[in-house]
There are 2 protein chains.
Amino acid sequence: MTTATSSRELAHPAREEIRLESVLHALSDPMRMQVVRELAEAEGELSCSYFDLPVTKSTTTHHFRVLRESGVIQQVYRGTAKMNGLRRDDLAALFPGLLDSVLDAAARQERRLADG
Amino acid sequence: MTTATSSRELAHPAREEIRLESVLHALSDPMRMQVVRELAEAEGELSCSYFDLPVTKSTTTHHFRVLRESGVIQQVYRGTAKMNGLRRDDLAALFPGLLDSVLDAAARQERRLADG
DNA sequence: TGCCTCGTACGATACTCACCGTACTACGAG
DNA sequence: CTCGTAGTACGGTGAGTATCGTACGAGGCA
């Protein structure tokens, strides 16, 4: 069997519908920021269950939906798994340099808080 | 009279207390983003009353407080006026390039939505 | 067919937040 | 001292949201 994409569809904003406010709001939650950082490191698609967030499954679903509806990630079903990927191209086209500087800022803050 | 700074003090987070989540949250509100953009253009301090926001005075106070407590702006009393300035140096030290790419993103989005 | 896993849907809860109006304080000008 | 202006404090309201638990659906596997 070819691990085909399921027919279940998920609503995503088109590139031109993505709003800066929504992106910043999506990234202002530590849980979601963590997800985005891991997706950025992975450089590929990760399933929802890959992430070990300190919340229940339903809350996890909620956070992924916020990220998808704000245009930060794209999601697609692959069998029972739901794969997640950063919308790097769309974000770079709309807001050049934004994603990278946010990821860099998050990395710096983590280092700063860890080193004490 | 020398327009001296009043003795009324305002609580600001120290540079190392500024958190990325809080900054992003502060910037995720269109009203506050507008304030930050005007402060960035002005390259100096502006009084609260300079801004013509479509909300009441009390709501304006609320937004300025969010910006101050997140570390995005500094505020100081000068007579009856309260002057506001971007904390460019602190933000640049903590999150290099972040403020500029956010401001650029906001400008691009405004242009994009205006041009249609 | 039946089971297990991944993820959703829904309802509930508690909290945050954007907003308002009113009453108030601080300061400068006359 | 009195008045006007800038901004605060406080209480309230309605909307959003982060969280949970439970029940459910979809797909792979035995």
Side-chain angles (χ1 to χ4, degrees), chain A residues 1-12 19 21-36 39 45-70 72-85, chain B residues 1-12 19 21-36 39 45-70 72-85:
Chain A
M1 191 34 177
T2 49
T3 342
T5 294
S6 158
S7 60
R8 285 184 282 172
E9 290 300 328
L10 290 162
H12 289 77
R19 292 291 173 271
E21 319 71 281
S22 307
V23 170
L24 294 179
H25 173 249
L27 296 175
S28 71
D29 181 282
M31 207 83 73
R32 294 192 290 258
M33 175 66 85
Q34 187 54 40
V35 168
V36 169
L39 283 175
E45 295 193 325
L46 296 175
S47 72
C48 288
S49 58
Y50 170 88
F51 300 89
D52 189 28
L53 303 179
V55 290
T56 62
K57 280 194 303 176
S58 31
T59 304
T60 302
T61 296
H62 160 70
H63 285 306
F64 276 102
R65 184 174 47 235
V66 172
L67 285 171
R68 170 168 47 84
E69 293 180 346
S70 68
V72 176
I73 67 171
Q74 68 229 329
Q75 298 188 294
V76 59
Y77 285 105
R78 201 107 67 199
T80 60
K82 193 183 198 173
M83 305 305 292
N84 304 276
Chain B
M1 187 43 170
T2 49
T3 340
T5 294
S6 158
S7 59
R8 283 184 284 173
E9 290 300 328
L10 289 163
H12 289 76
R19 292 290 173 273
E21 314 80 273
S22 308
V23 170
L24 294 179
H25 173 250
L27 296 175
S28 71
D29 182 281
M31 207 85 73
R32 293 192 290 260
M33 175 66 85
Q34 187 54 39
V35 168
V36 169
L39 283 174
E45 294 192 325
L46 296 174
S47 71
C48 288
S49 57
Y50 169 88
F51 300 88
D52 188 28
L53 304 180
V55 289
T56 62
K57 279 197 303 177
S58 32
T59 303
T60 301
T61 296
H62 160 69
H63 285 306
F64 276 102
R65 183 172 48 233
V66 172
L67 286 171
R68 170 168 47 82
E69 292 180 347
S70 68
V72 176
I73 67 171
Q74 69 226 329
Q75 297 188 293
V76 58
Y77 285 105
R78 202 106 70 198
T80 59
K82 193 184 200 173
M83 306 304 292
N84 304 276

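Here the structure is a predicted model, which means the values were calculated and not measured. Numbers restart at 1 for each chain; the letters A, B, ... are given by sequence-line order, proteins then strands.
Here the P atom of nucleotide C:dA18 and the CG atom of B:Leu27 are 12 Å apart, to the nearest Å. Remark: P of C:dC17 and CD of B:Glu69 are 10 Å apart, rounded to the nearest angstrom. In this entry the distance linking CG of B:Asp52 with C1' of D:dA6 reads 15 Å, nearest Å. As a whole-Å value, the separation of B:Leu46 CG from D:dG7 P is 11 Å.
Remark: B:Arg78 is not in phosphate contact with C:dG28, judged by side-chain N or O atoms under 4.0 Å from OP1 or OP2. An OP1 or OP2 oxygen of C:dC20 is reached within less than 4.0 angstrom by a side-chain nitrogen or oxygen of B:Thr56. Between B:His63 and C:dC17, a side-chain N or O to OP1/OP2 separation shorter than 4.0 Å is absent.
Evaluation of the side-chain hydrogen bond (donor to acceptor under 3.5 Å, both in side chains) rule for A:Thr61 yields no partner, not counting sequence neighbours.
Distances were taken from every side-chain heavy atom of A:Asp29 (C-beta onward) to each of D:dA18, D:dG21, C:dC20; the shortest belongs to D:dA18.
Contact between A:Leu53 and A:Met31 at its shortest, heavy atoms only, is CD1-CG, 4.0 Å.
Remark: A:Ser22 OG to A:Leu67 CG distance equals 11.5 Å, nearest 0.5 Å.
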Protein proximity profile, nucleotides 1-16 of chain C - base contact B, sugar-phosphate-only contact S, no contact -, cut-off 4.0 Å on heavy atoms | -----SBBB-------
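Side-chain atoms of A:Asn84 never come within 3.5 Å of backbone atoms of A:Gln75 as a donor-acceptor pair (strictly under, hydrogens ignored).
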